[in-house]
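This report concerns only the one structure given below.
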Amino acid sequence: MTLKWLAVVVATVSVTLCITGNAVTLTLNGGQLPLLVNLFALATAGTAIVLAVVAELHDRLNDRLTALTEFLVERLREIEANTGDRNSGFVEGYLLSHGQEAAVVPFGRRGRGAAER
């Protein structure tokens with residue numbers, strides 16, 4: 001049983017016990033349950049209701065994040081399928097923009113030290 005439904009059951013049982021206890025006490029001796037018992041039952045029910053709402057919001061957020069993740073994965077797969085290896089690097093892009101006859105010249109050694117001058 002999920003947390004949400006467990007909290008709903010706890011809230012329902014708590015409110016039912018509070019109402020039933022007050023009804024029985026009222027019919028038997030014309031009074032009501034002690035204030036502490038009523039407050040405890042209502043506090044338990046209120047806490048359980050808040051917990052159920054938070055659990056439901058957490059489930060919805062989790063579902064939305066899962067859907068967003070699946071969408072992004074599918075979109076990235078689509079982009080990967082549409083992008084060829086020919087356009088994936090700087091050199092290939094350079095060659096495509098300047099035609100196939102463009103020469104790619106490698107860098108020479110980086111600057112010479114002071115001792116070699």
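In terms of hydrophobic clustering, with Ile, Leu, Val, Met, Phe, Trp and Tyr side chains grouped at heavy-atom distances under 4.5 Å, V54 and L6 are assigned to different clusters.
Taking a 4.5 Å side-chain heavy-atom cut-off between Ile, Leu, Val, Met, Phe, Trp and Tyr, the cluster of V10 contains only that residue. The hydrophobic cluster of L76 has no other members, since no ILVMFWY side-chain heavy atom comes under 4.5 Å of it.
Remark: R77 engages V73, E74 in a side chain to side chain contact (heavy atoms under 4.5 Å, CB included) (not counting sequence neighbours). A search for side chain to side chain contact (heavy atoms under 4.5 Å, CB included) contacts involving L51 returns L3, A7, not counting sequence neighbours.
Remark: L36 CG is loosely packed, at most 12 non-hydrogen atoms of other residues, nucleotides or ligands lying under 6.0 Å away.
A41 and S14 get closest at one heavy-atom pair: O-OG, 2.6 Å. The nearest pair of heavy atoms linking C18 to L33 is O-CD1, 4.4 Å.
Counting only residues at least two apart or in different chains, side-chain hydrogen bond (donor to acceptor under 3.5 Å, both in side chains) contacts with residues 44-63 comprise K4-E56, E56-R60. Applying the side-chain hydrogen bond (donor to acceptor under 3.5 Å, both in side chains) definition to pairs two or more places apart or across chains, those involving residues 17-28 are N22-N38.
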